[in-house]
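Here's the structure, in structure tokens; my notes come after.
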Amino acid sequence: MPEGPSLVILKELLDPLITGKKITGASGNAKIDMSLFEGKKVTAVRSWGKHLLIILPDCTIRIHFLLFGTYSIGEHIKRDAQLRLKLSFVSTTIYFYTCAIKVLEGDIDKIYDWEADVLNTNWSAAKARKKLKEMPGVMACDALLDQNIFAGVGNIIKNEVLFRIKLHPEARVKNIGPRKLGALIKEARNYSFDFLRWKKEFTLKKHWLVHTKKTCTRCNIPLIKKYCGKTRRRTFFCNKCQLKS
DNA sequence: CTAAATGTTAAGCC
DNA sequence: GGGCTTAACATTTA
């Protein structure tokens with residue numbers, strides 16, 4: 001469930017259900033103090049990158065689904081999974097499984113830079129470019145996965161963005177021309193919205209052009225599958241049409 | 001059945 | 001302290 005768009009979908013589902021509603025019960029095996037939540041009204045539900053934020057008057061519940069996290073609304077479906085947190089409301093109950101949960105204190109706007117979230121209305125391409133300029137030796141594949149720059153971008157989005165803009169995953173930031181760098185930043189956000197739309201339509205996989213593919217859809221030659229960069233994540237790319245600059 | 005995968009963090013080692 | 005590598009976590013699917 002991990003990449004940013006999936007969190008936006010969850011936020012959109014939860015917001016109308018629980019914002020303004022009082023938490024009547026909280027339980028689960030997450031190592032947090034759940035007594036803080038009982039009786040509190042949800043101020044807002046937001047997402048930042050791959051984080052889901054349930055904002056209460058005095059604290060924020062931060063949920064990160066990592067690789068295998070899931071949730072259910074209304075009923076406890078995954079009985080075999082680790083139930084980290086169950087939040088009860090008069091009207092509904094929500095369940096979070098196999099995720100990392102943390103309670104954040106203080107002003108959420110001081111903790112999160114909304115300009116770094118590729119799916120946020122406050123996203124700043126200029127800021128992303130500035131951060132990239134500060135890391136000339138970093139490979140494009142690693143830069144895209146850097147949550148400080150492109151919060152919400154995951155491995156699938158990374159692969160698809162690089163293919164779309166015809167950039168080799170191992171291209172170093174310093175060797176990428178200004179126009180290409182601009183395209184990288186633009187597509188990180190743009191593809192994320194395509195991902196969001198296709199995910200909602202349950203047609204995401206159908207739209208993959210390189211991720212898990214064997215043959216280049218552009219030039220028909222075999223694609224390379226390699227664990228690239230410092231992140232050593234699975235990368236699919238075309239050695240011919242994805243250039244190193 | 002085994003391995004790998006949409007991810008991050010902590011621990012251990014120069 | 002910093003930077004890098006490895007392990008750990010946990011579930012589903014190929």
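This one's a predicted model, so the numbers in the text were calculated from it and none came from an experiment. Within every chain, numbering begins at 1; the chains are lettered A, B, ... in the order of the sequence lines, protein sequences first and strands thereafter.
Within the structure, every side-chain polar atom (N or O) of A:Tyr97 is placed at least 4.0 Å from both OP1 and OP2 of C:dT12.
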Summarise how protein sits on nucleotides 6-14 of chain B as a single string, 5' to 3': B when a protein heavy atom is under 4.0 Å from the base, S for sugar-phosphate-only contact, - for no contact. BBS------
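The side chain to side chain contact (heavy atoms under 4.5 Å, CB included) test applied to A:Lys186 returns no partner, not counting sequence neighbours. Among residues two or more places apart in sequence or in another chain, the side chain to side chain contact (heavy atoms under 4.5 Å, CB included) test is passed with A:Arg218 by A:Phe163, A:Lys166, A:Cys216, A:Cys241. Residues passing the side chain to side chain contact (heavy atoms under 4.5 Å, CB included) test with A:Thr203 are A:Trp198, A:Glu201, A:Lys206, A:His207, sequence neighbours excluded. Under the side chain to side chain contact (heavy atoms under 4.5 Å, CB included) criterion, A:Ile73 pairs with A:Leu13, A:Leu14, A:Leu17, A:Tyr71, A:Thr92, A:Ile94, sequence neighbours left out.
B:dT6 and C:dC4 are spaced 23 Å apart, taking the P atom of each and rounding to whole Å.
Applying the salt bridge (Lys or Arg N to Asp or Glu O under 4.0 Å) rule to pairs touching residues 7-28 of chain A yields A:Glu12-A:Lys200, sequence neighbours excluded. Applying the side-chain hydrogen bond (donor to acceptor under 3.5 Å, both in side chains) definition to pairs two or more places apart or across chains, those involving residues 104-118 of chain A are A:His51-A:Tyr112, A:Asp109-A:Trp114, A:Asp113-A:Lys127, A:Glu115-A:Lys127. Contacts classified as salt bridge (Lys or Arg N to Asp or Glu O under 4.0 Å) and involving residues 140-162 of chain A (residues at least two apart or in different chains) are not found.
Between A:Lys205 and A:Gln82, the residue anchored closer to the 5' end of DNA chain C is A:Gln82, taking for each the nucleotide with the nearest heavy atom.
Looking at heavy atoms from C-beta onward, A:Ile149 lies in side-chain contact with A:Leu132 at the 4.5 angstrom threshold.
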For DNA chain B, please output the secondary structure as dot-bracket, reading 5' to 3'. Pairs are Watson-Crick or G-U wobble, both atom distances under 3.5 Å; mark crossing pairs with [ ], other-strand partners with |, unpaired with a dot. .||||.||||||||
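Note: the hydrophobic cluster containing A:Leu223 does not contain A:Phe237 (ILVMFWY, side chain heavy atoms under 4.5 Å, direct or indirect links).
Shown for residues 100-124 of chain A: no residue has heavy atoms falling under 4.0 angstrom of DNA chain B.
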Without placing hydrogens or testing angles, list every side-chain donor-acceptor pair under 3.5 Å for residues 29-42 of chain A, not counting sequence neighbours.
unit_1	atom_1	unit_2	atom_2	d
A:Asn29	OD1	A:Arg84	NH1	3.1
A:Asn29	ND2	A:Gln82	OE1	2.6
A:Asp33	OD1	A:Ser35	N	3.1
A:Asp33	OD1	A:Ser35	OG	2.5
A:Asp33	OD2	A:Ser35	OG	3.4
A:Lys40	NZ	A:Leu36	O	3.2

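To the nearest angstrom, C1' of B:dA5 lies 12 Å from NZ of A:Lys158.
Put simply, the side chain of A:Lys180 gets close to the backbone of A:Ile165: a donor and an acceptor are under 3.5 Å apart.
Within a 6.0 Å radius of CG in A:Asn122, more than 12 heavy atoms belonging to other residues, nucleotides or ligands are found.
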So which protein nitrogen or oxygen atoms get under 3.5 Å of nucleotides 1-8 of chain C's nitrogens or oxygens?
unit_1	atom_1	unit_2	atom_2	d
C:dC4	OP1	A:Lys230	NZ	3.2

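Under the 6.0 Å cut-off for aromatic ring centres, A:His64 and A:Phe96 do not qualify, their centroids lying 6.0 Å or more apart.
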